[in-house]
Amino acid sequence: RRPAFGQMRYSIHDKTLEAKKARILINALVDCAKAGIKSSFVINKMLLGISLYLECGRFRKENWGTYHRVSDAAEQVRASGDKSWKGKVTFEHARPLGKMYQMLLDERETLTLERAAFIIGEYPPVLITMEEELRMAKLGFKSEGTPEQRYSEIPISGFSLRSDDAMPR
């Protein structure tokens, strides 16, 4: 499914129940940011669910065996035939959840539903290996840095870190 230019893969304006749920959750996050509420476990779970919806069309983790945003090393692990391959990969947010919410807080004076959806969906999650995650953390990028900085040491083919569907502000 190819979205129109400037829209995420799955729109928050669709007539589906999932899209309605996404709008409700994004509006709640906008309200939290506007009120200056600090990040928390619940806010992070909302961000996680919304980012999954915007990329996959549902609020639960995508099937790791078929997910399309995969590092080259994670693809090799997945294709290895190893029955325990799922323990060797992790679903990682190219833009950490804490960074996403900080951007919402930083823009709280002018934050809109559409802008919040863009911030959350601009850098969809990527399946990477545990070794890649550890290397990223050792380089100081566990929760810091731009997505491009964080993934500079992780070979990725077939997609860009930034959503093909995201457009700049």
Side-chain angles (χ1 to χ4, degrees), residues 1-14 16 18-19 21-23 25-26 29 44-104 114-169:
R1 174 178 185 232
R2 290 293 316 155
F5 180 74
Q7 295 179 348
M8 298 299 122
R9 186 175 292 269
Y10 287 88
S11 173
I12 59 172
H13 298 296
D14 286 348
T16 67
E18 296 291 281
K21 187 189 320 181
R23 286 191 305 275
L25 291 172
I26 294 169
L29 284 170
N44 285 342
K45 288 298 179 187
M46 290 167 60
L47 288 166
L48 168 66
I50 294 163
S51 69
L52 288 171
Y53 167 75
L54 292 171
E55 183 64 20
C56 306
R58 53 185 165 264
F59 287 87
R60 60 185 181 280
K61 283 190 180 171
E62 188 67 9
N63 178 344
W64 287 10
T66 59
Y67 189 64
H68 58 285
R69 297 176 60 82
V70 184
S71 75
D72 295 350
E75 182 59 47
Q76 288 178 339
V77 169
R78 189 165 72 174
S80 70
D82 181 346
K83 290 191 189 315
S84 63
W85 70 268
K86 286 184 182 177
K88 298 175 182 173
V89 297
T90 186
F91 204 60
E92 212 271 340
H93 292 271
R95 175 182 285 146
L97 300 175
K99 277 275 190 238
M100 279 183 215
Y101 190 64
Q102 187 59 53
M103 290 174 74
L104 299 181
E114 286 74 20
R115 178 66 182 149
F118 176 81
I119 289 169
I120 297 165
E122 184 178 18
Y123 288 96
V126 178
L127 193 65
I128 63 173
T129 66
M130 299 302 276
E131 289 83 16
E132 288 170 326
E133 183 185 49
L134 183 61
R135 187 172 348 128
M136 192 185 298
K138 282 183 180 176
L139 292 172
F141 294 129
K142 180 69 180 159
S143 60
E144 294 299 321
T146 66
E148 290 77 14
Q149 291 169 325
R150 297 177 76 236
Y151 281 79
S152 65
E153 302 288 321
I154 298 176
I156 292 175
S157 306
F159 68 94
S160 67
L161 282 177
R162 193 166 190 208
S163 172
D164 295 335
D165 311 319
M167 73 175 187
R169 190 175 177 181

State plainly whether the residues R95 and E122 are in salt-bridge range, i.e. N to O under 4.0 Å.
-> yes

Between the CE atom in M136 and the CD1 atom in I128, the distance rounded to the nearest 0.5 Å is 4.0 Å

For M130 and T90, work out which heavy atoms get closest and say how close.
-> SD-CB, 3.6 Å

Would you check, one step at a time, whether the test side-chain contact (heavy atoms from CB on, under 4.5 Å) holds for V70 with R78?
-> CA-CA 9 Å; V70 184; R78 189 165 72 174; 3.5 Å; yes

Does a side-chain heavy-atom distance below 4.5 Å link K88 with T129?
-> no

Excluding sequence neighbours, so at least two apart, what forms side chain to side chain donor-acceptor pair (under 3.5 Å) with Y151?
-> E92

Just do the side-chain contact (heavy atoms from CB on, under 4.5 Å) check on H93 and L48 with the steps written out, would you?
-> CA-CA 9 Å; H93 292 271; L48 168 66; 3.2 Å; yes

Flag the pair E18 and K21 as a salt bridge only when some basic side-chain nitrogen lies within less than 4.0 angstrom of an acidic carboxylate oxygen.
-> yes

Distance col, row E75:CD vs I156:CD1, nearest 0.5 angstrom, shows 12.0 Å

Using the six-membered ring wherever Trp is involved, compare the ring planes of Y53 and Y10 and label them parallel, tilted or perpendicular (cut-offs 30° and 60°).
-> tilted

Residue list, side chain to side chain donor-acceptor pair (under 3.5 Å) with R23, at least two apart or on another chain | none

Paired with Y123, the side chain to side chain donor-acceptor pair (under 3.5 Å) test is passed by just one of R150, R69, E148, namely E148

Which value, rounded to the nearest 0.5 Å, describes the distance between I12 atom CD1 and I120 atom CD1?
-> 9.0 Å

Taking every non-hydrogen atom, the tightest pair across L52 and F59 | CD1-O, 3.9 Å

Non-hydrogen atoms of A19 and D14 that approach each other most closely = CB-O, 3.5 Å

Heavy-atom closest pair (C56 atom, Y67 atom, distance to 0.1 Å) is SG-CE1, 3.7 Å

Shortest non-hydrogen contact from A74 to E132?
-> N-OE1, 4.4 Å

Partner set under side chain to side chain donor-acceptor pair (under 3.5 Å) for K86, not counting sequence neighbours | none

T16 side, atom OG1; R58 side, atom CZ - distance, nearest 0.5 Å = 12.5 Å

Provide the closest heavy-atom pair for M46 versus L29 in the form atom of the first, atom of the second, distance.
-> CE-CG, 3.7 Å

To the nearest 0.5 Å, what is the distance between CG (N44) and CE (M100)?
-> 9.0 Å

OG of S51 to CD1 of I119: how many Å apart, nearest 0.5 Å?
-> 13.5 Å

Is there a side-chain contact (heavy atoms from CB on, under 4.5 Å) between F159 and H68 once you walk through the steps?
-> CA-CA 9 Å; F159 68 94; H68 58 285; over 6 Å; no

Answer yes when E144 and K99 have at least one side-chain N-carboxylate O distance shorter than 4.0 Å, and no when they do not.
-> yes

